[in-house]
S.K.: 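Take this structure, written in structure tokens, and hold onto it; I'll ask about it next.
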Amino acid sequence: MSLERIKIAKRVAQELSDGEVINLGVGIPTLIPDYLGDKKVYLQSENGLLGMGPTPDEENINMDLISASKKPITMDTGASLFDSSDSFVMIRGGHVDLAVMGALQVDQYGEIANWAVPGKTILGVGGAMDLVAGAKRIIIASRHLAKDGSPKLVKELTFPSSGVRKADMLITEHAVFKFTEKGTELIEILSDLTVNELKEITGAEFLYSTQLSKSES
Amino acid sequence: MSLERIKIAKRVAQELSDGEVINLGVGIPTLIPDYLGDKKVYLQSENGLLGMGPTPDEENINMDLISASKKPITMDTGASLFDSSDSFVMIRGGHVDLAVMGALQVDQYGEIANWAVPGKTILGVGGAMDLVAGAKRIIIASRHLAKDGSPKLVKELTFPSSGVRKADMLITEHAVFKFTEKGTELIEILSDLTVNELKEITGAEFLYSTQLSKSES
Amino acid sequence: MEKLIERSDILNFINNGDTLLVGGFGLSGTPLTLIDELAASDKKDLTIVSNNLGEEGRGLGKLLLSGCLKKAKGSYFTTNRDAVQAWSDGKLEIELIPQGTLAEAVRCGGAGIGGFYTKTAVGTKVAEGKEEKVFDGETYILERAIKGDVSLIKALKADTLGNLVYDHTGRNFNAVMATAGKIVIAEVDEIVEAGELDPLEIVTPHLYVDYIVKNKYVKKRRKIR
Amino acid sequence: MEKLIERSDILNFINNGDTLLVGGFGLSGTPLTLIDELAASDKKDLTIVSNNLGEEGRGLGKLLLSGCLKKAKGSYFTTNRDAVQAWSDGKLEIELIPQGTLAEAVRCGGAGIGGFYTKTAVGTKVAEGKEEKVFDGETYILERAIKGDVSLIKALKADTLGNLVYDHTGRNFNAVMATAGKIVIAEVDEIVEAGELDPLEIVTPHLYVDYIVKNKYVKKRRKIR
């Protein structure tokens, strides 16, 4: 497990508030529960559980009690079980406070591409589009650059969009960005990069306060 | 309780088959369970129960365990409880084998009017239209004549329709009618009326076999 | 328990002109305590979405008499003569909705669905003015989702997180009403610790429930007539 | 018990070209016994509606290898490389449906609803060619109901009437699939007498279930990796 991924998960964890209902996507988001500290949140799993608990020990694994990432889980105190259609009543209906998900690209207004790569087989979407459409708040947790070195935050998506609903925030190992109608705003630098260095590895322009600029560059 | 109403309920009971899921409307249909004999059917109540049992004794009344007619009931062995939306998944989705309901009028093709009287206040429809649209089979259980002496079986409805889905059968204290694309067919006379006498108190023409005609008139 | 409030507190969440989604079937599974508070208030111009409007002077019938109501949307009002009278006198607007359509419309309201096509009521007065569409040779009408400003529901038990279970057919419309209000207030007979309700028996998960009010009525389990 | 059949009997209810609704999420809550029977048969040109197509050679992945399939409709096939390959080779048609849309479309199929308007996938490739409609300023797309000829589902227990309960998140798509097939066959771990299941815990009432097959697998509750 890379340190960058853990760093991102830790920073996302700071954004969570007590009592929130949260859906965690595959990848980096699944690391978040380890960094919640005293915060009490409720994890919703789209395959039919509210109140996902930690991984069971090997003796207590039941493969009919799994997360949406298909890993064995346990139930927290006060957990409830339901079917897939009721699970998406929660998700689509705006009852999940926060979705944390990965992305292939995010554009300068927060539009997300996280299900398909152009020219490749497009055979999986899962619950991503439902979460994009329905979660009250969306945080993208992702490495700053894709494996091929291209920036994930871009001016315009070149990958297929996951929906018209925009993300609220992007957290990478280098920075925290907020999306508003004006575009992208850099609100925090998480690594030792200067603003100018960050600009070089980012595909979209972003706003930032001079104060942030001064202290960090 | 009038003898005619009991007679109708008894005759409807003969139409029920073992294992069927049945929704009983208000009025005459509620009398049917008393005349089932050995038949085992499952009564669905649209307020959220499959497997309605008999009326409880006074000590065991719970006003949160009631029928759609708002009378206290019990649960049969194997009963299940659900909410109103799931109840109408059953009804609208064609999972209820038979609905037995009253009617203000039925036309010669079996189109039902059972919720509103023209010129009067139209303030109640309940689950009638859902049952008309969704039940696999519909039997109308009704007195032959309305209180004002007008026939319930008519050529054309003058009362507002309950839907385009047609009833399969009409059972009154005098006769059993079947509805087909050809129109109304008299299949049984239940009183001492002749066919000609029956014609006089019926608002629609009906077909009948000469055999029935001979034996009954 | 954070969600537990005094019954009088509910008036802070309800504004004149609001649409309230109210659970219950007749008087069964109805939030009578919450209704009493509202009936004693000076709230005005409320629209009630509920299967019925209670009975004369009972349940939602109280709200009618107290002058809180502008409009009622539901499937069956005939059993409350006051409602029929108020409608005749032009003092109450009524929108009649088939029971299954009502349940589904509210479910859609809670589910982020804008509308649905149903076979129910096709060819009737209820369908007048509604968009039609043919699927596989069958005609359906479009029904819009229903949402509310506040949902008032009645459950048997809540746990301290706000998970709810209902009493038999007292569940009726309460479970869908719980999903479709911006604010959801549940009246309950009993509050238990989180963990005491079996995850399999919870009908309304706590994320739908904003506030809990303790029922002021003692449940008559054995009602002698 | 009338509904109990031998597992080989299920082939009598399934015809070439049928659409099968299959419960499960990955391999969890999947009717593995029923799938085995089908994989060993000579059925052809089946369309499978299921969230996934199992894994390589496991679960619904077996049906793919056995040559029964023409088409798969679901939300996520990427985890079965065989499916990706078969699709690339033009041997398998795939229709990708967002998970929530899939669940709702099947529920509508079972509920007598012709279609519904969802916000999910608006503005994406998945929405191409789908009718749009604006409600209260927001754009929705029309999704059609999904029905099947036969539903194959997996439950934990059935009672002798056919009422079903599921094992934790093994419920997933099984409960909706149970409502939308002309014939519904449930594979179960255990059969109990009617009355042994609490009316409050029954998830799928017996009216949805036509046949019950006993699971040939012994459930691994404690799986050591």
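Reckoned from all heavy atoms, side chains included, excluding hydrogens, waters and symmetry mates. Order of the sequence lines sets the chain letters (A, B, ...), proteins ahead of strands, with each chain counted from 1. Just so it is clear, the model here is predicted, and its values are computed rather than measured.
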S.K.: For the atom pair CG (L207(D)) and OG (S80(B)), what is the distance rounded to the nearest 0.5 Å?
M.R.: 7.5 Å
S.K.: Are more than 12 heavy atoms from other residues, nucleotides or ligands located less than 6.0 Å from atom NZ of K214(D)?
M.R.: yes
S.K.: State whether the number of non-hydrogen atoms from other residues, nucleotides or ligands found under 6.0 Å of K3(D) atom NZ is greater than 12.
M.R.: yes
S.K.: Test your reading of the model: is there a side-chain donor-acceptor pair from R92(B) to the backbone of A111(D), 3.5 Å cut-off?
M.R.: yes
S.K.: Let me confirm one number: the CG-NE2 distance from L50(B) to H206(D), rounded to the nearest 0.5 Å.
M.R.: 4.0 Å
S.K.: Using the side-chain contact (heavy atoms from CB on, under 4.5 Å) rule, take I113(D) and F88(B) through it: C-alpha gap first, then chi angles, then the decisive distance, then the call.
M.R.: CA-CA 11 Å; I113(D) 292 170; F88(B) 284 92; over 6 Å; no
S.K.: Can you tell me how far apart CG (D86(B)) and CZ (R107(D)) are? Round to the nearest 0.5 Å.
M.R.: 6.5 Å
S.K.: Is any side-chain heavy atom of P205(D) closer than 4.5 Å to a side-chain heavy atom of M90(B)?
M.R.: yes
S.K.: Quick one: closest heavy-atom pair of I202(D) and A79(B), and the distance?
M.R.: CD1-O, 3.4 Å
S.K.: Restricting to non-hydrogen atoms, name the atom on G78(B) and the atom on D159(D) that form the minimum distance, rounded to 0.1 Å.
M.R.: CA-OD2, 4.3 Å
S.K.: Atom CD of residue position E93(D) - does it have more than 12 heavy atoms of other residues, nucleotides or ligands inside 6.0 Å?
M.R.: yes
S.K.: So with a 6.0 Å cut-off around CD of E2(D), is the heavy-atom count from everything else above 12?
M.R.: no
S.K.: Flag yes if more than 12 heavy atoms outside K10(B) fall under 6.0 Å of its NZ atom; otherwise flag no.
M.R.: no
S.K.: Is the number of heavy atoms from other residues, nucleotides or ligands under 6.0 Å of K71(B) NZ greater than 12?
M.R.: no
S.K.: With a 6.0 Å cut-off (strictly less than), is the heavy-atom count around CG of D38(B), excluding the residue itself, greater than 12?
M.R.: no
S.K.: If only atom types and distance count, is the side chain of H95(B) paired as donor or acceptor with the main-chain N or O of G110(D) below 3.5 Å?
M.R.: yes
S.K.: I'd like to check V89(B) versus Y208(D) (side-chain heavy atoms, cut-off strictly below 4.5 Å). Are they in contact?
M.R.: yes
S.K.: Would you mind checking which part of L161(D) comes under 4.5 Å of any heavy atom in chain B, side chain (CB onward), backbone (N, CA, C, O), both or neither?
M.R.: side chain
S.K.: Which bit of L81(B) is near chain D, if near means a heavy-atom gap under 4.5 Å: side chain, backbone, both or neither?
M.R.: both
